[in-house]
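Structure first, then comments.
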Amino acid sequence: MINRLALFDCDGTLVDSQANICVAMEHCFDQARLIPPDRAAIRRIVGLSLPQALAELLPDADAALHHALADDYKRAFHALRGKGLVDEPLFEGIAEAIEALDADGWLLGVATGKSDRGLALCLEHHGLKHRFVTLQTADRHPSKPHPAMIEAAIAEAGASPETTVMIGDTSFDMLMGRAAEAHALGVAWGYHAPEELSVAGAHRIAHEPAAIPMHLKEFA
């Protein structure tokens, strides 16, 4: 039997983490005496691995600066966490959607631009870590939209591309899903507009978390 796998992005799909990301990004630009991007630009790169995200924000800078800024970003984020200032609330209805999928026999996973540590802390905080059979992060894979995260998740879960759905809020998630030959379900409450998700290859768009289980019935 081939398992069915529902693979979630984290930031912008499971949790609303934009405030933390924007503050840490602004801090690392300030440390380098650079003018920080506006927050709309920062939200657009959520989901990419840090060096690639910074390359998008500073396309004329060299890789050394991108990596230096990425290190400063990590330090800023860790400092926020140490002060108890990291707030990553679940989007309303996500916990119920996860429970419904679990009850329906779907295996669940995460494919995210977060680090292993950041993802583990987020899921543990919300009491959700036990729900997921595979966790794929930027620590061990190329940045989205490369399909490596999905391919590893499929292998770990005993699924197949035909029985896997990538669920995410950005065009990077949709492109990654398509590159892995999986189904791609966009969500409308994150950081890219639904129209962009459709252009990037979303097969369907969920406009609220409660709609996710219904859409997945259409895929498998």
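Here the structure is a predicted model, which means the values were calculated and not measured. Quick note: numbers below take in every heavy atom, side chains included, and nothing from hydrogens, waters or symmetry partners.
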Atom [atom1] of [X] and atom [atom2] of [Y]: how far apart are they, to the nearest 0.5 Å?
| X | Y | atom1 | atom2 | result |
| --- | --- | --- | --- | --- |
| Thr112 | Leu14 | OG1 | CG | 8.5 Å |
| Leu5 | Ile167 | CG | CD1 | 9.0 Å |
| Met166 | Phe172 | CE | CZ | 12.5 Å |
| Asn3 | Ser160 | CG | OG | 9.5 Å |
| Ile98 | Ile212 | CD1 | CD1 | 8.0 Å |
| Thr170 | Arg43 | OG1 | CZ | 14.0 Å |

Show the nearest heavy-atom pair for residues [X] and [Y], with the distance to one decimal.
| X | Y | value |
| --- | --- | --- |
| Ala138 | Ser49 | CB-OG, 3.5 Å |
| Gln52 | Ser143 | OE1-CB, 3.0 Å |
| Ala6 | Leu216 | CB-CD2, 3.6 Å |
| Leu58 | His66 | O-NE2, 2.9 Å |
| Phe77 | Ile21 | CE1-N, 4.3 Å |
| Ala70 | Leu54 | N-CD1, 3.3 Å |

Query raised in the report: Distance-only, no hydrogens or angles: does the Asp38 side chain make a donor-acceptor pair with backbone N or O of Ala40 under 3.5 Å?
Result: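 Between the backbone of Ala40 and the side chain of Asp38 there is a qualifying donor-acceptor contact (under 3.5 Å).
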**Report entry** Any donor-acceptor pair under 3.5 Å from Arg178 side chain to Gly201 backbone
**Finding:**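 It does hold such a pair.
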Report task. Could you go through the side chain to side chain donor-acceptor pair (under 3.5 Å) check for Ser198 and Glu196 one step at a time? Result -> CA-CA 5 Å; Ser198 296; Glu196 293 179 82; over 6 Å; no
Would a 4.5 Å heavy-atom cut-off, applied to side chains only, mark [X] and [Y] as touching?
| X | Y | result |
| --- | --- | --- |
| Cys10 | Val15 | yes |
| Phe219 | Thr163 | no |
| Ser115 | Thr137 | no |
| His146 | Met176 | no |

Are [Y] and [X] connected in a single hydrophobic cluster, I mean Ile/Leu/Val/Met/Phe/Trp/Tyr linked by side-chain heavy atoms less than 4.5 Å apart?
| X | Y | answer |
| --- | --- | --- |
| Val110 | Leu121 | no |
| Ile45 | Leu69 | yes |
| Leu101 | Leu7 | no |
| Leu50 | Ile42 | yes |
| Ile150 | Leu107 | yes |

Might you confirm whether atom [atom1] of [X] has over 12 heavy atoms from other residues, nucleotides or ligands at distances under 6.0 Å?
| X | atom1 | result |
| --- | --- | --- |
| Glu99 | CD | no |
| Glu124 | CD | yes |
| His78 | NE2 | yes |

Output a table of donor-acceptor pairs, distance under 3.5 Å, between side-chain atoms of residues 180-194 and any protein atom two or more places apart or on a different chain; print 'none' if there are none.
unit_1 : atom_1 : unit_2 : atom_2 : d
His183 : NE2    : Glu162 : O      : 3.1
Trp189 : NE1    : Thr13  : O      : 3.1
Tyr191 : OH     : Asp16  : OD1    : 2.8
Tyr191 : OH     : Ser17  : N      : 3.1
Tyr191 : OH     : Gln18  : N      : 3.1
His192 : ND1    : Ser171 : N      : 3.0
His192 : ND1    : Ser171 : OG     : 3.2
His192 : NE2    : Arg44  : O      : 2.9

Query raised in the report: Step by step, would you call Gln136 with His141 a side chain to side chain donor-acceptor pair (under 3.5 Å)?
Result: CA-CA 8 Å; Gln136 306 299 327; His141 295 288; 2.7 Å; yes
Query raised in the report: So does Asp139 pair up with Lys114, basic N to acidic O under 4.0 Å?
Result: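 A salt bridge is absent here (no side-chain N lies under 4.0 Å from a carboxylate O).
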Query - Arg81 and Arg117: CA distance, side-chain angles, deciding distance, side-chain contact (heavy atoms from CB on, under 4.5 Å) verdict - result: CA-CA 12 Å; Arg81 193 179 296 282; Arg117 181 175 182 271; 4.3 Å; yes
Mind listing the side-chain donor-acceptor pairs of residues 23-35 below 3.5 Å, one per line with the distance, residues two or more places apart or on another chain?
unit_1 : atom_1 : unit_2 : atom_2 : d
Glu26  : OE1    : Arg39  : NH2    : 3.0
Glu26  : OE2    : Arg39  : NE     : 2.8

Report task. In sequence, state the C-alpha distance, the side-chain angles, and the governing distance for Thr134 and Leu108, and then conclude on side-chain contact (heavy atoms from CB on, under 4.5 Å). Result -> CA-CA 7 Å; Thr134 180; Leu108 306 177; over 6 Å; no
Query raised in the report: Quick one: salt bridge (charged side-chain N to carboxylate O under 4.0 Å, His left out) pairs with a partner in residues 142-152, sequence neighbours left out?
Result: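 Those involving residues 142-152 are Asp9-Lys144, Lys144-Asp173.
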